[in-house]
Amino acid sequence: MSLLKKLFGGGADTSPPGEAYKGFEITVAPVKAAGGYRVGAVIRKDDQSHEMIRADVVASEEEARTTSLLKAKSLIDEQGTTIF
């Protein structure tokens, strides 16, 4: 890795880690909103993906991450592959 990449972070993987759940991969992706963070996640399986964004706004990013994961799991439980 070149010196410039080391100094400026080029080449580093900055994508958030995903969590496996019932054959799906959930990547939490809360969105900064007025008054806090909007609940959101990307749900993937095979070559398909679904971007889940909810109207819920919570105060902290940590709470948004936790809520996003729970809501994504609930959506998978309710709809399975029909979400695609």
Side-chain angles (χ1 to χ4, degrees):
M1 181 179 281
S2 75
L3 179 60
L4 291 177
K5 285 186 179 180
K6 286 181 185 177
L7 288 174
F8 298 107
D13 184 10
T14 58
S15 61
E19 178 173 317
Y21 181 73
K22 294 187 177 181
F24 293 82
E25 182 178 332
I26 302 168
T27 303
V28 295
V31 178
K32 182 80 170 134
Y37 291 85
R38 188 168 310 283
V39 171
V42 178
I43 302 169
R44 293 184 181 87
K45 183 170 184 157
D46 302 324
D47 290 335
Q48 299 176 319
S49 67
H50 173 79
E51 187 174 357
M52 178 195 81
I53 298 177
R54 296 290 180 255
D56 311 51
V57 175
V58 294
S60 72
E61 185 176 8
E62 179 70 28
E63 184 180 358
R65 292 184 162 284
T66 302
T67 305
S68 295
L69 184 59
L70 291 173
K71 294 236 179 195
K73 287 180 178 181
S74 177
L75 184 62
I76 291 168
D77 289 340
E78 291 171 3
Q79 296 187 19
T81 58
T82 63
I83 63 173
F84 302 119

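Along the sequence shown, the residues carry numbers beginning at 1.
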Spell out, yes or no, whether V28 and V58 are grouped together once hydrophobic residues are joined by side-chain heavy atoms under 4.5 Å, including indirect joins.
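No, separate clusters.
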Connected via hydrophobic side-chain network under 4.5 Å: Y21 and L69:
yes
Side chains of [X] and [Y] in contact at under 4.5 Å (non-hydrogen atoms):
| X | Y | answer |
| --- | --- | --- |
| H50 | L75 | yes |
| D77 | K22 | yes |
| D56 | K71 | yes |

Minimum heavy-atom separation for [X] to [Y], with atom names?
| X | Y | value |
| --- | --- | --- |
| S60 | E63 | OG-N, 3.1 Å |
| I43 | F84 | O-CE2, 3.7 Å |
| A64 | Y37 | CB-CB, 3.6 Å |
| V42 | S49 | CG1-CB, 4.3 Å |
| P30 | R65 | CG-CG, 3.8 Å |
| R38 | A55 | NH1-O, 3.0 Å |

Are the side chain of S68 and the backbone N or O of V39 linked by a donor-acceptor pair below 3.5 Å?
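The answer is no, because no donor-acceptor pair under 3.5 Å joins these two groups.
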Does E62 CD have over 12 foreign heavy atoms under 6.0 Å away?
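Count not over threshold, so no.
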Let me confirm one number: the CD-CD distance from E25 to E19, rounded to the nearest 0.5 Å.
10.0 Å
Rounded to the nearest 0.5 Å, what separation is found between the CD atom of E78 and the NZ atom of K73?
14.5 Å
